[in-house]
Structure formats: C-alpha cells, structure tokens
Amino acid sequence: DYDRLWQHVSAQCHALEHSVHGPDHWRRVERNGLVLSTRTGANIAVVRLFAIFHDCRRENDLFDEGHGARGAEYAMNLRNTFFDLPDDAFELLLYACKWHTNVQRHDHPTIGTCWDADRLDLGRISVIPDPEFMSTDFGREIAKCGSIQPFLNATNV
C-alpha cells in the first residue's frame, strides 16, 4: 500500500518536514517521474519509490554525503513489509537512490527517469535545471522549456 508507506516514511522524517528536501519535494519528484515515465518507459513502481526514499534520510539541507545510500538502506529495511518489488527492480531503486547526487547521467530508462525527476525540481532552490545534466531525451526537452507545467496537462498526470 503506497499511501501507508508514504505516511510511515514521512512520519519518520520530522526534521525534513519543512525542508527543501522534504515530503513536498518528494511529491514533486513523484509527479515529475510520472510525467517522464509517459515517454521513457521507466518502471513506475521504482520511480514512485525513488521519490520517497532518495532524500528521506538526509540529515541537513546542505551537503550531506551518503544520504542517498542511507535512503537505499532504509528501503531495504522496509521491503517486504511496506512494499514488494522483484529483485531486478529493487536493484534499480537501490542504485538510483545511492548515486542520485554523485553520478551525472544514466542510460537506463528507469534510473535516468528517477534522476531527471529529481533534477527537474531544482527550481525550489532557485537553480534552473540544465538540459546537459538530464539523462533522458524527455528530461532534456522539459529542462529546455524551463518548466514542467506545459507537460502536465498533455500527459494527464
């Protein structure tokens, strides 16, 4: 149950409640990922789980080395209790969480979609997403446009 997982993880992250990396950001990353998935063919379950776990173990809003790996570890702890994923999809989730701030781009459609979904929300910290750092063609297209807004109605997300 995705809503139950969301509530559980959010409740564990009180320090992030009003953070630029907190639950509001996670929801936008989820939305961005669902929009991107309409063209990238990404595994939607992985994209939605990435949105929750990628920043949920941050200790601060500044440079926080290892927060993605901590998020991946947290996902390992909740697997088979709050959610199920086949092993191959779970490995994609772990990789996407662990490396989302350390590696610039990825060719795998699911990992690339996860990372682009996160990067397309950089406007929250007054950074314009750079198409050069997008992994997917659709991510680059959205970044070049300067906003995901025109794509929301077109994709019915």
Side-chain angles (χ1 to χ4, degrees), residues 1-10 12-13 16-58 61-64 67-72 74-75 78 82-83 85 89-157:
D1 179 8
Y2 189 74
D3 291 330
R4 193 180 113 197
L5 171 64
W6 187 275
Q7 291 173 352
H8 178 80
V9 175
S10 295
Q12 302 298 312
C13 300
L16 294 176
E17 186 175 355
H18 300 291
S19 160
V20 296
H21 293 98
D24 290 341
H25 166 60
W26 309 345
R27 284 284 186 207
R28 288 187 302 274
V29 170
E30 177 186 26
R31 178 209 58 200
N32 296 348
L34 292 173
V35 169
L36 288 162
S37 294
T38 64
R39 288 206 217 161
T40 64
N43 181 316
I44 291 173
V46 172
V47 169
R48 292 185 81 195
L49 291 167
F50 170 82
I52 294 173
F53 288 113
H54 79 287
D55 279 346
C56 76
R57 285 299 188 224
R58 273 190 160 276
D61 275 330
L62 305 172
F63 183 75
D64 184 1
H67 75 274
R70 291 191 302 272
Y74 189 47
L78 297 184
F82 283 90
F83 70 96
L85 269 182
F90 190 67
E91 289 303 317
L92 293 173
L93 173 64
L94 296 180
Y95 186 94
C97 287
K98 184 174 182 179
W99 298 107
H100 77 277
T101 57
N102 299 83
V103 179
Q104 289 187 356
R105 290 181 296 279
H106 204 283
D107 290 336
H108 192 283
T110 299
I111 294 170
T113 296
C114 291
W115 292 355
D116 286 0
D118 186 31
R119 291 172 183 161
L120 286 170
D121 195 40
L122 286 171
R124 77 191 187 284
I125 57 170
S126 301
V127 173
I128 298 170
D130 185 339
E132 293 293 317
F133 291 106
M134 295 295 149
S135 295
T136 67
D137 289 338
F138 194 22
R140 282 187 285 282
E141 181 181 342
I142 294 169
K144 285 177 187 174
C145 178
S147 173
I148 197 167
Q149 265 333 112
F151 299 92
L152 294 178
N153 291 336
T155 57
N156 294 320
V157 173

With no hydrogens and no angle check, is any side-chain donor or acceptor of [X] less than 3.5 Å from a backbone partner on [Y]?
{"X": "His67", "Y": "Asp64", "value": "yes"}
{"X": "Arg119", "Y": "Phe133", "value": "yes"}
{"X": "Thr38", "Y": "Val35", "value": "yes"}
{"X": "His8", "Y": "Arg4", "value": "no"}
{"X": "Trp26", "Y": "His21", "value": "yes"}
{"X": "Arg39", "Y": "Phe138", "value": "no"}
{"X": "Asp121", "Y": "Arg28", "value": "no"}

With a 4.0 Å cut-off, would you call Arg140 and Glu132 a salt bridge? no

Is the closest basic N to carboxylate O distance between Arg27 and Glu30 below 4.0 Å? yes

Please report the C-alpha distance between Asp55 and Arg58 in whole Å, then the side-chain angles of each, then the deciding distance to 0.1 Å, and finally whether the salt bridge (charged side-chain N to carboxylate O under 4.0 Å, His left out) criterion is met. CA-CA 6 Å; Asp55 279 346; Arg58 273 190 160 276; 3.6 Å; yes

Atom [atom1] of residue position [X] - does it have more than 12 heavy atoms of other residues, nucleotides or ligands inside 6.0 Å?
{"X": "Ile125", "atom1": "CD1", "result": "yes"}
{"X": "Trp6", "atom1": "CH2", "result": "yes"}
{"X": "Asn102", "atom1": "CG", "result": "yes"}

Write down the atom of [X], the atom of [Y], and the distance for their closest heavy-atom approach.
{"X": "Cys56", "Y": "Tyr74", "result": "SG-CD2, 3.5 Å"}
{"X": "Ala89", "Y": "Val46", "result": "O-CG2, 3.5 Å"}
{"X": "Gly112", "Y": "Thr136", "result": "C-CG2, 3.9 Å"}
{"X": "Cys97", "Y": "Phe53", "result": "SG-CB, 3.8 Å"}
{"X": "Leu93", "Y": "Ala75", "result": "CD2-CB, 4.3 Å"}
{"X": "Asp116", "Y": "Gly139", "result": "OD2-CA, 3.6 Å"}

Do His106 and His100 pass the side chain to side chain donor-acceptor pair (under 3.5 Å) test, and can you show the C-alpha distance, the side-chain angles, and the key distance before you say yes or no? CA-CA 10 Å; His106 204 283; His100 77 277; over 6 Å; no

Run the numbers on Val47 and Val29 for side-chain contact (heavy atoms from CB on, under 4.5 Å), then give the verdict. CA-CA 9 Å; Val47 169; Val29 170; over 6 Å; no

From [X] [atom1] over to [Y] [atom2], what is the distance, rounded to the nearest 0.5 angstrom?
{"X": "Phe50", "Y": "Ile44", "atom1": "CZ", "atom2": "CD1", "answer": "15.5 Å"}
{"X": "Trp115", "Y": "Leu36", "atom1": "CH2", "atom2": "CG", "answer": "14.5 Å"}
{"X": "Asp24", "Y": "Ser19", "atom1": "CG", "atom2": "OG", "answer": "9.5 Å"}
{"X": "Ile142", "Y": "Gln149", "atom1": "CD1", "atom2": "CD", "answer": "11.0 Å"}
{"X": "Ile111", "Y": "Ser135", "atom1": "CD1", "atom2": "OG", "answer": "9.0 Å"}
{"X": "Trp99", "Y": "Leu94", "atom1": "CH2", "atom2": "CG", "answer": "12.5 Å"}

Can the ring centres of Tyr95 and Phe90 be said to be less than 6.0 Å apart?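 Not under 6.0 Å, so no.
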
Give a yes or no on whether the ring-centroid distance for Tyr2 and Phe82 is below 6.0 angstrom.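 When the ring centroids of Tyr2 and Phe82 are compared, they turn out to be at least 6.0 Å apart.
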
Output, in order, the C-alpha distance, side-chain angles, deciding distance and verdict of side-chain contact (heavy atoms from CB on, under 4.5 Å) for His25 and His54. CA-CA 11 Å; His25 166 60; His54 79 287; 3.1 Å; yes

Evaluate Ile148 against Asn32 for side-chain contact (heavy atoms from CB on, under 4.5 Å), listing each step before the verdict. CA-CA 8 Å; Ile148 197 167; Asn32 296 348; 3.3 Å; yes

Determine whether Leu92 and Leu85 satisfy the following criterion, side-chain contact (heavy atoms from CB on, under 4.5 Å), listing intermediate values before the conclusion. CA-CA 10 Å; Leu92 293 173; Leu85 269 182; over 6 Å; no

Decide whether Thr113 and Thr40 meet the rule of one side-chain donor and one side-chain acceptor closer than 3.5 Å.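 Present: a donor and an acceptor within the cut-off.
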
Between Asn43 and Thr110, is there a side-chain donor-acceptor contact under 3.5 Å, judged purely by atom types and distance? no

